[in-house]
Student: 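Before I ask anything, here is the structure I am working with.
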Amino acid sequence: MALTAESHRGIAREGSLFSASAPWSTQLLPVQDTTAANRRRSRTKFTEDQLKILINAFNQKPYPSYATKQRLALEINTEESRIQIWFQNRRARHRFQKRSEPEEHLESSQDEDHPEEKIQSRGDRRCRTSYTSSQLHTLIEAFMNNPYPGIDSRQQLAIEIGVPESRIQIWFQNRRSRCHVQRKREPDEALEQRQDQGQDL
DNA sequence: CCGCTAACATAATCAAACC
DNA sequence: GGTTTGATTATGTTAGCGG
């Protein structure tokens with residue numbers, strides 16, 4: 001019963017960019033990891049009313065400010081992070097659709113022109129979170145233990161250091177990405193790896 | 001089984017805090 | 001002014017659910 005064809009699919013995209021250069025795990029992405037610690041957040045099911053409000057807001061402004069996202073979160077009784085994810089997914093979906101149907105659609109001052117409202121566009125974002133050294137210590141320790149924590153682990157960390165779970169998730173994302181970049185360009189004293197291909201661009 | 005889409009990933013980039 | 005690093009984005013993948 002040597003591995004079905006389906007499971008092979010998961011490993012198919014192995015040799016793409018970084019291959020197996022992850023120092024934190026001997027294996028690849030933690031896909032199909034049904035462990036409790038790596039479980040995803042349960043899928044949110046928006047009601048029609050919620051969707052109506054979200055879509056309406058999206059049509060007016062696909063790049064809402066943080067304040068707007070907070071207001072929406074309060075209005076439809078959902079976490080702000082879900083609003084953010086929803087807008088991300090919606091924009092991606094929309095963009096793909098545009099390619100297929102680039103019909104005339106330029107919005108010609110139909111709405112969103114409230115003179116009383118300043119057009120901050122992408123002005124105000126969430127205030128930058130500053131972590132204390134002890135919080136950082138906890139995060140780094142958790143990262144070394146598991147760089148891909150599931151919702152349960154993230155929530156536990158959030159309570160432990162007193163930071164919203166969404167910030168924990170962002171922190172792990174940034175941390176992982178940074179580690180990848182570090183591996184990419186580090187011709188320094190890391191190791192005598194100047195003997196590699198010597199092919200840079 | 002399949003389409004839709006929330007959840008999640010990386011990489012690039014913006015930008016605040018800090019020196 | 002440069003570095004560090006949190007926040008946001010585009011883009012692509014994984015997975016849950018209803019038809």
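Here is the naming used below: chain letters follow the sequence lines, and residue numbers restart at 1 for every chain.
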Student: Using OP1 and OP2 only, check whether a side-chain N or O of Arg175(A) sits under 4.0 Å from dT5(C).
Tutor: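 No.
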Student: Heavy atoms only, 4.0 Å cut-off, all strands: where does Ser130(A) land among base, sugar-phosphate and nothing?
Tutor: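 No contact.
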Student: Does the side chain of Arg91(A) get closer than 4.0 angstrom to OP1 or OP2 of dA10(C) through an N or O atom?
Tutor: yes
Student: Tell me if the side-chain of Arg178(A) makes a donor-acceptor pair with the base of dT4(C), cut-off 3.5 Å, by modelled atom types.
Tutor: no
Student: Partners of Glu75(A) by side-chain hydrogen bond (donor to acceptor under 3.5 Å, both in side chains), sequence neighbours excluded?
Tutor: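 Checked Glu75(A) against side-chain hydrogen bond (donor to acceptor under 3.5 Å, both in side chains); matches are Arg71(A).
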Student: Verify the cluster assignment for Leu136(A) and Val163(A): are they in a single hydrophobic cluster under the rule of side-chain heavy atoms below 4.5 Å apart?
Tutor: yes
Student: Whole Å only: how far is the NE2 atom of His94(A) from the P atom of dC4(B)?
Tutor: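 One finds 15 Å between P of dC4(B) and NE2 of His94(A), rounded.
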Student: Which hydrophobic side chains are connected to Ile151(A), either touching it within the sub-4.5 Å cutoff or through other members that do?
Tutor: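 Its cluster mates, by chain and number: none.
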Student: Figure out the CZ/P separation between Arg39(A) and dG16(C), and round it to whole Å.
Tutor: 10 Å
Student: Can you sort out the partners of Asn89(A) under side chain to side chain contact (heavy atoms under 4.5 Å, CB included), two or more places apart, ordered by chain and number?
Tutor: Ile85(A), Arg93(A)
Student: dA15(C) phosphate, OP1 or OP2: any side-chain N/O from Arg41(A) under 4.0 angstrom?
Tutor: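 So the side chain of Arg41(A) is outside the cut-off, no N or O lying under 4.0 Å from OP1 or OP2 of dA15(C).
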Student: Rounded off to whole Å, could you give me the CZ-to-C1' distance for the Phe58(A) and dA6(B) pair?
Tutor: 15 Å
Student: Between dA7(C) and Thr129(A), is there an OP1 or OP2 to side-chain N/O distance shorter than 4.0 Å?
Tutor: yes
Student: What are the residues of residues 153-174 of chain A, sorted by number, that bring a heavy atom to within less than 4.0 Å of DNA chain C?
Tutor: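 Arg167(A), Ile170(A), Trp171(A), Asn174(A) - these, ordered by number, are the residues of the stretch whose heavy atoms sit under 4.0 Å from the strand.
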Student: Keeping to residues at least two apart or across chains, list the salt bridge (charged side-chain N to carboxylate O under 4.0 Å, His left out) pairs with something in residues 141-150 of chain A.
Tutor: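 Every candidate salt bridge (charged side-chain N to carboxylate O under 4.0 Å, His left out) pair involving residues 141-150 of chain A fails, so no pair, neighbours aside, qualifies.
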Student: Please enumerate all residues that pass side-chain hydrogen bond (donor to acceptor under 3.5 Å, both in side chains) together with Asn174(A), with sequence neighbours excluded.
Tutor: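 Partners of Asn174(A) by the side-chain hydrogen bond (donor to acceptor under 3.5 Å, both in side chains) criterion come out as none, since no residue qualifies.
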Student: Expressed in angstrom and rounded to an integer, what is the separation of Arg126(A) atom CZ from dT9(C) atom P?
Tutor: 12 Å
Student: Hey, does Ile83(A) have a side-chain heavy atom less than 4.5 Å from the side chain of Gln70(A)?
Tutor: no
Student: Looking only at the side chain of Arg128(A) (C-beta and beyond, no hydrogens), which of the listed nucleotides dT4(C), dT11(C), dC8(B) gets closest?
Tutor: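 Looking only at side-chain atoms, Arg128(A) lies closest to dT4(C).
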Student: Could you pull out all residues at least two apart from Asn77(A) that satisfy side-chain hydrogen bond (donor to acceptor under 3.5 Å, both in side chains)?
Tutor: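 Per chain and number, Asn77(A) pairs via side-chain hydrogen bond (donor to acceptor under 3.5 Å, both in side chains) with no residue.
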Student: It should be established whether Thr44(A) places a side-chain nitrogen or oxygen under 4.0 Å from OP1 or OP2 of nucleotide dA7(B).
Tutor: yes
Student: For nucleotides 17-19 of chain C, which of its nitrogen or oxygen atoms have a protein nitrogen or oxygen under 3.5 Å away, and what is each distance?
Tutor:
none

Student: Please confirm whether the shortest side-chain N or O distance from Arg40(A) to OP1 or OP2 of dG16(C) is below 4.0 Å.
Tutor: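 Arg40(A) to dG16(C) OP1/OP2: no side-chain N or O under 4.0 Å.
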Student: Between Lys69(A) and Leu136(A), which has a closest nucleotide on DNA chain C that is more 5'?
Tutor: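 Closer to the 5' end of DNA chain C: Leu136(A).
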Student: Which dot-bracket string fits DNA chain B when only Watson-Crick or G-U wobble pairs with both atom distances under 3.5 Å count, crossing pairs get [ ], and | stands for a partner on a different strand?
Tutor: |||||||||||||||||||
Student: Rounding to an integer number of Å, can you tell me how far Ile151(A) CD1 sits from dG16(C) C1'?
Tutor: 16 Å
Student: For a quick test of reading the model: is some side-chain N or O of Arg125(A) closer than 4.0 Å to OP1 or OP2 of dG6(C)?
Tutor: no
Student: Can you pull out every side chain to side chain donor-acceptor pair (under 3.5 Å) where at least one residue sits in residues 156-173 of chain A? Sequence neighbours excluded, please.
Tutor: Arg41(A)-Glu165(A), Arg154(A)-Glu165(A)
Student: Taking only N and O in the side chain of Arg95(A), is any of them less than 4.0 Å away from OP1 or OP2 of dA10(C)?
Tutor: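 Checking dA10(C) against Arg95(A), no side-chain N or O comes under 4.0 Å of OP1 or OP2.
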Student: Which whole-number value in Å describes the distance from Tyr66(A) OH to dT9(C) P?
Tutor: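 Those two atoms, OH and P, are 13 Å apart.
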Student: Kindly say whether Ile76(A) contributes a backbone atom to a donor-acceptor pair with the side chain of Thr78(A) at under 3.5 angstrom?
Tutor: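 Flag set: sc Thr78(A) to bb Ile76(A) pair under 3.5 Å.
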Student: What is the distance, rounded to the nearest whole Å, between atom CZ of Arg176(A) and atom P of dT5(C)?
Tutor: 17 Å
Student: Going through the checks in order, is the side-chain contact (heavy atoms from CB on, under 4.5 Å) test met by Thr68(A) and Phe87(A)?
Tutor: CA-CA 12 Å; Thr68(A) 300; Phe87(A) 270 86; over 6 Å; no
Student: Among Ile, Leu, Val, Met, Phe, Trp and Tyr joined by side-chain contacts under 4.5 Å, find the other residues sharing a cluster with Ile159(A) and list them by chain and number.
Tutor: none
Student: Using a cut-off of less than 4.0 Å, is there contact between a side-chain N or O of Tyr148(A) and OP1 or OP2 of dT10(B)?
Tutor: yes
Student: Rounding to a whole Å, what distance do you find between Arg90(A):CZ and dT11(C):P?
Tutor: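 Atom-to-atom, Arg90(A) to dT11(C), this comes out as 17 Å.
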Student: Residues in side chain to side chain contact (heavy atoms under 4.5 Å, CB included) with Ser177(A), at least two apart?
Tutor: none
